[in-house]
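Numbers for residues simply follow the sequence, beginning at 1. These numbers come from the heavy atoms of this one structure, side chains and all, not from hydrogens, waters or symmetry mates.
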Amino acid sequence: MSVTDDQLMARALLVAERGRGTTSPNPIVGAVVLDSSGVIVGQGAHRVAGGPHAEVIALDEASGRARGGTLYCTLEPCCHVGRTGPCVDRILSEGVSRVVFAVPDPNPLVAGGGAKFLRARGIDVVEGIRRDEAVAQNAAFFTWMTARRPYVTLKAAISADGLMGREGQRVQLTGAAADRFFHRQRAEVDAIAVGSGTVLADDPLLTARGAYRSRPLLRVLFDWRLRIPPTARVFSTLAEGPVIMVVSAAATDNKSGELHALERLGITVERRKDRELAPVLRWLGQRDVTTLVVEGGPRLHQGFCEAGLVDRVQWIVTPGKLERGVPMAAGLDHGGLWQRGTPAKVLGPDRLVEWHVHRTD
């Protein structure tokens with residue numbers, strides 16, 4: 001690895017971020033093209049699923065100057081026909097002599113095939129440059145491809161005395177700066193999830209406000225007992241995206257009237273024989289949901305923790321005290337499977353700490 005390879009892959013990773021929040025279920029990918037003398041002549045990012053890949057955009061910008069040059073890409077170039085043609089064909093036709101990519105594509109349709117194709121045709125291929133950063137950047141895509149479920153972020157706001165709220169009451173813990181931050185996050189992810197207790201206590205809209213979102217936002221309500229009434233405010237926001245209610249089959253048997261009222265509103269009701277979360281996540285994965293933020297409440301948090309389905313934790317520590325209320329989910333701390341990852345981010349009076357779950361299985 002040369003210093004130049006490292007620096008140019010860093011640039012490609014930065015360029016890839018232009019597609020953050022708009023490419024799902026595809027990964028975000030960045031590419032940089034050098035001509036034969038080492039001058040940057042093109043760069044590009046994959047911006048939308050079904051649109052041109054980063055390599056194609058970068059080569060288009062290079063406009064014929066890539067011959068004998070190098071292409072840097074954050075993900076292995078594809079070698080299959082999907083909604084677009086194989087990037088390896090375009091790389092070959094442009095006369096690129098060297099390809100450097102960060103990480104192999106976990107898609108079984110690629111999985112090393114792109115690199116093999118290029119090497120077989122005499123192109124020098126280097127892989128593994130800034131690999132860890134590339135994997136972290138596309139953690140959702142890698143999880144969706146390998147585990148066949150969404151990448152799950154558990155978001156929890158905690159009072160200074162370790163409480164998440166009061167049973168059955170709306171409590172505003174976070175300040176304006178934190179609220180803006182998380183509405184921007186809602187604008188990027190595929191879906192958010194809450195439990196019935198949160199809906200009954202807060203009656204939230206569950207929309208991305210004050211932030212531009214180019215595609216519908218899926219809202220998933222875990223309401224095993226079918227308690228949420230058709231008058232809940234979230235059901236008035238279907239123009240912002242679909243709403244799915246996950247309920248137990250037994251509840252629908254006993255509340256057919258409520259069920260029909262919800263279905264008339266356009267709500268998708270997913271009936272489940274049991275309350276296992278993993279099958280629900282696999283079902284969401286089949287619907288191309290690659291990122292899911294579980295926003296509350298404590299019981300739903302606890303269920304995801306116990307099922308081993310949390311990939312990242314966002315812990316917002318607020319300065320106010322509640323003195324009485326609902327404690328945070330067991331395991332939502334720095335022990336066990338949780339490991340602190342990044343320094344605290346200051347959001348007005350609140351502090352955000354994020355860390356990833358490191359599994360041993």
Side-chain angles (χ1 to χ4, degrees), residues 20-25 48-49 140 150-157 164-165 168-247 251-252 255 257-272 280-281 283-285 287-297 299-301 304 314 316:
R20 176 71 64 186
T22 62
T23 65
S24 182
V48 62
Y151 178 86
V152 175
T153 297
L154 190 152
K155 172 200 160 196
M164 293 187 66
Q169 297 181 29
R170 177 179 174 82
V171 175
Q172 181 66 39
L173 284 173
T174 53
D179 290 346
R180 285 193 298 271
F181 178 90
F182 287 107
H183 276 289
R184 287 196 299 269
Q185 177 169 271
R186 284 182 180 179
E188 294 180 354
V189 300
D190 293 339
I192 58 177
V194 297
S196 59
T198 296
V199 178
L200 293 173
D202 296 347
D203 198 17
L205 290 169
L206 299 179
T207 56
R209 299 184 294 280
Y212 173 72
R213 182 179 174 86
S214 62
R215 56 200 176 93
L217 173 64
L218 173 65
R219 282 71 55 81
V220 183
L221 314 181
F222 285 88
D223 185 15
W224 300 113
R225 291 178 284 169
L226 197 56
R227 298 190 299 158
I228 300 173
T231 54
R233 292 201 303 164
V234 65
F235 299 141
S236 69
T237 67
L238 294 186
E240 303 294 324
V243 175
I244 294 174
M245 286 185 64
V246 182
V247 305
T252 61
K255 296 183 177 181
E258 292 91 333
L259 174 65
H260 294 321
L262 291 168
E263 291 179 331
R264 283 195 297 270
L265 290 173
I267 310 305
T268 298
V269 180
E270 174 64 11
R271 304 165 184 81
R272 290 280 160 174
V280 177
L281 289 196
W283 178 76
L284 289 173
R287 298 172 70 98
D288 288 348
V289 177
T290 66
T291 49
L292 176 71
V293 177
V294 181
E295 296 197 353
R299 290 190 182 90
L300 190 60
H301 286 169
F304 272 84
Q314 292 181 315
I316 309 99

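- In this structure, Ile244 CD1 and Arg287 CZ are separated by 4.0 Å, a value rounded to the nearest 0.5 Å.
- How far NE2 of His183 is from CZ of Arg186: 5.0 Å, rounded to the nearest 0.5 Å.
- You'll find the side chain of Trp224 reaches within 4.5 Å of the side chain of Val246, heavy atoms only.
- When atom types are taken as modelled, the side chain of Arg184 and the backbone of Ala211 share no donor-acceptor pair closer than 3.5 angstrom.
- His301 and Val294 get closest at one heavy-atom pair: NE2-O, 3.5 Å.
- Interatomic distance, Ile267 CD1 to Leu238 CG, rounded to the nearest 0.5 Å: 4.5 Å.
- By the side-chain contact (heavy atoms from CB on, under 4.5 Å) test, Arg20 pairs with Glu17, Ile28, Gln137, Glu188, sequence neighbours left out.
- The stretch residues 209-218 participates, sequence neighbours left out, in these salt bridge (charged side-chain N to carboxylate O under 4.0 Å, His left out) pairs: Asp190-Arg215.
- Minimum heavy-atom separation, Gly297 to Thr198: N-OG1, 3.1 Å.
- Listed by chain and residue number, Ser196 satisfy the side chain to side chain donor-acceptor pair (under 3.5 Å) test with Arg227 (two or more places apart in sequence, or in another chain).
- Residues forming a side chain to side chain donor-acceptor pair (under 3.5 Å) with Asp288 (at least two apart in sequence, or on another chain): none.
- Counting all heavy atoms, side chain and backbone alike, Val199 lies closest to Pro204 at CA-CD, 3.7 Å.
- Residues in residues 261-270 take part in these side chain to side chain donor-acceptor pair (under 3.5 Å) pairs, two or more places apart or across chains: Glu263-Arg271, Glu270-Arg272.
- Contact detail for Ile228 and Leu200: the closest heavy-atom pair is CA-CD2, 4.2 Å.
- The residue from Val243, Leu221, Leu217, Thr237 that alone fulfils the side-chain contact (heavy atoms from CB on, under 4.5 Å) condition with Leu206 is Leu221.
- Annotation: side-chain contact (heavy atoms from CB on, under 4.5 Å) contacts of Ser214 (sequence neighbours excluded): Thr22, Tyr212.
- Residues Thr290 and Ser24 come closest through the heavy atom pair OG1-OG, 3.1 Å.
- Residues that satisfy the side chain to side chain donor-acceptor pair (under 3.5 Å) test with Thr23, not counting sequence neighbours, are absent from this structure.
- Using a 4.5 Å cut-off on side-chain heavy atoms (C-beta onward), Leu281 and Val289 make no contact.
- Side-chain contact between Val234 and Val194 is absent, with no heavy-atom pair separated by less than 4.5 Å.
- Remark: Gln314 pairs with Thr153, Lys155, Phe181, Phe182, Gln185, Arg312, Leu352, Glu354 by the side-chain contact (heavy atoms from CB on, under 4.5 Å) rule, at least two apart or across chains.
- Between the CG atom in Leu300 and the CG atom in Asp223 there is a gap of 11.0 Å [rounded to 0.5 Å].
- In this structure, Arg225 has no salt bridge (charged side-chain N to carboxylate O under 4.0 Å, His left out) partners at least two apart in sequence or on a different chain.
- When every heavy atom of Thr207 is checked against every heavy atom of Glu240, the shortest pair comes out as CG2-CG, 3.7 Å.
- Looking at residues two or more places apart in sequence or on another chain, you find a side-chain contact (heavy atoms from CB on, under 4.5 Å) between Pro230 and Ala261, Leu262, Leu265.
- By the side chain to side chain donor-acceptor pair (under 3.5 Å) test, Ser236 pairs with no residue at all, sequence neighbours left out.
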